[in-house]
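Here is the structure we will look at, set down as structure tokens.
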Amino acid sequence: MLSLLAMKIGILGFQGAVVEHQQHIEKIGEEAVVVRYPGQLDDLDGIILPGGESTTMGKLLNRTGMMEPLKEKILQGLPVWGTCAGMILLAKNLVNDSVRHLAVMDIEVKRNAYGTQIDSFDMEVSLPEISPKPEPLVFIRAPYIIRAGEGVRVLCRVDGHIVAARQGHMFATSFHPELTDSLAFHRYFAEICREDREG
Ligand code: GLN
């Protein structure tokens with residue numbers, strides 16, 4: 001019975017690809033809520049931290065008083081998916097930035113890792129855990145993971161670099177599935193939320 005209920009999935013709504021995530025969540029039949037205030041964190045089944053600019057999003061998380069409550073919720077088990085800048089917000093360590101943001105996921109991340117020459121590109125990659133067919137991946141000034149801790153499962157590598165990983169209820173991708181027609185990643189995240197809610 002419970003599985004018939006839509007998951008209520010928040011999207012951190014300060015900047016970046018918010019509307020695109022919202023549309024993908026609605027297309028798979030789940031409920032999307034744009035989150036800008038700490039009080040909105042209370043009844044979510046999961047939250048997406050979109051791409052954008054991690055430095056700006058970090059500042060806004062602090063300014064709105066959301067940094068600590070969001071961190072607390074994630075540490076208590078709220079499912080979270082960080083795409084691109086969102087991955088940077090989740091990382092416990094950044095190799096080329098002195099700032100740490102939520103610092104909840106045991107990954108070490110390099111910002112703008114592909115340099116300026118190839119700062120945006122796309123490709124098709126096979127990710128058996130997420131989709132039975134090759135998926136389009138779009139990278140925009142993307143970070144990648146240079147070290148994943150013991151509890152972190154690597155889901156995808158491109159040219160030897162980790163670009164998708166999962167640590168229990170925390171999921172991070174260097175790329176932007178919300179900018180493609182694929183719904184596979186949003187379905188995968190909704191499943192993490194559903195498993196969590198239904199135990
Ligand atoms: N380069 C951005 C940052 O460091 C991330 C880019 C993105 O989210 N598309 O925050």
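Remember, it's 1-based here, ligands and their atoms both numbered in the order they're listed. None of the values given here were measured: they were computed from a predicted structure.
- Interatomic distance, Leu12 CG to Leu61 CG, rounded to the nearest 0.5 Å: 5.5 Å.
- A salt bridge is absent between Lys8 and Glu30; no separation between the charged side-chain nitrogens and carboxylate oxygens falls under 4.0 Å.
- Heavy-atom contacts from other residues, nucleotides or ligands closer than 6.0 Å to CG of Asp159 number 12 or fewer.
- Between Tyr144 and Phe139, a ring centre-to-centre spacing not shorter than 6.0 Å is recorded.
- At a heavy-atom cutoff of 4.0 Å, ligand 1 is surrounded by Gly51, Gly52, Glu53, Ser54, Cys84, Ala85, Ile88, Arg111, Asn112, Ile140, Arg141, His176.
- Between Asp45 and Arg194 there is no salt bridge, since no side-chain nitrogen of the basic residue lies less than 4.0 Å from a carboxylate oxygen of the acidic one.
- With no hydrogens or angles considered, no side-chain donor-acceptor pair links His24 and Ser182 at under 3.5 Å.
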